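In this text, all values refer to a predicted model and were calculated from it rather than measured experimentally. These values consider heavy atoms only, across backbone and side chains, with no hydrogens, waters or symmetry-generated copies.
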Amino acid sequence: MVGGATAIIVVAKECESWGDETQEKLHEALLEVGDKSLVEEATIYGDWATEQFTGQTDVLRRLAPLVASMLDQRQCEKLMDIVERVVPLSFDNKSARQGALTVLRQKLGLLVD
């Protein structure tokens, strides 16, 4: 849960869309797979962890293989589904979002579109 939440937060920050609305969407999406206390802990830790690095893409490159080692393919696909629902697509972040999603997908060992 923590690794997945952190990866989602990395993508949101890379796209400059991490804020109250995105955080609420993340909470709702993670409640589908975990209980409230675990979701809160994962979100708080994930936000803190991403602040420890200057480049969010670097965090994603280091974190995603670890997350992938703990998830099966179905769970990796679920993680990508959650990322795509949580991180909004806008004209301003289209390129950053696509780049971050591609890196995450590759590092999770999933096919890249």
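Residue E77 places its CD atom among more than 12 non-hydrogen atoms of other residues, nucleotides or ligands, all under 6.0 Å distant. Open room surrounds CG on D20; 12 or fewer heavy atoms of other groups in view lie less than 6.0 Å from it.
Side-chain atoms of L101 and E84, non-hydrogen and from C-beta on, do get closer than 4.5 Å to each other. Contact of the K13 side chain with the E51 side chain is registered, since non-hydrogen atoms from C-beta on lie closer than 4.5 Å.
Between the R105 side chain and the M80 main chain, no donor and acceptor come within less than 3.5 Å of each other. When atom types are taken as modelled, the side chain of T22 and the backbone of S17 share a donor-acceptor pair closer than 3.5 angstrom. R61 places no side-chain N or O within donor-acceptor distance of the main-chain N or O of L104, the cut-off being under 3.5 Å. Remark: the backbone N or O of K25 is not paired with any side-chain donor or acceptor of E28 at under 3.5 angstrom.
Rounding to the nearest 0.5 angstrom, the gap separating the CD atom in E40 from the CG atom in L31 is 8.5 Å. The CG atom of L108 sits 11.0 Å away from the CD atom of Q75 when rounded to the nearest 0.5 Å.
A salt bridge links E32 with K78: the closest approach of a Lys/Arg side-chain nitrogen to an acidic carboxylate oxygen falls below 4.0 angstrom.
V33 and I8 end up in the same hydrophobic cluster when Ile, Leu, Val, Met, Phe, Trp and Tyr side chains are linked at under 4.5 Å. The cluster map of Ile, Leu, Val, Met, Phe, Trp and Tyr, joined by side-chain heavy atoms under 4.5 Å apart, puts V2 and W18 in different clusters.
Judged purely by distance below 3.5 Å, without hydrogens or angles, the side chains of S37 and E41 never pair a donor atom with an acceptor atom.
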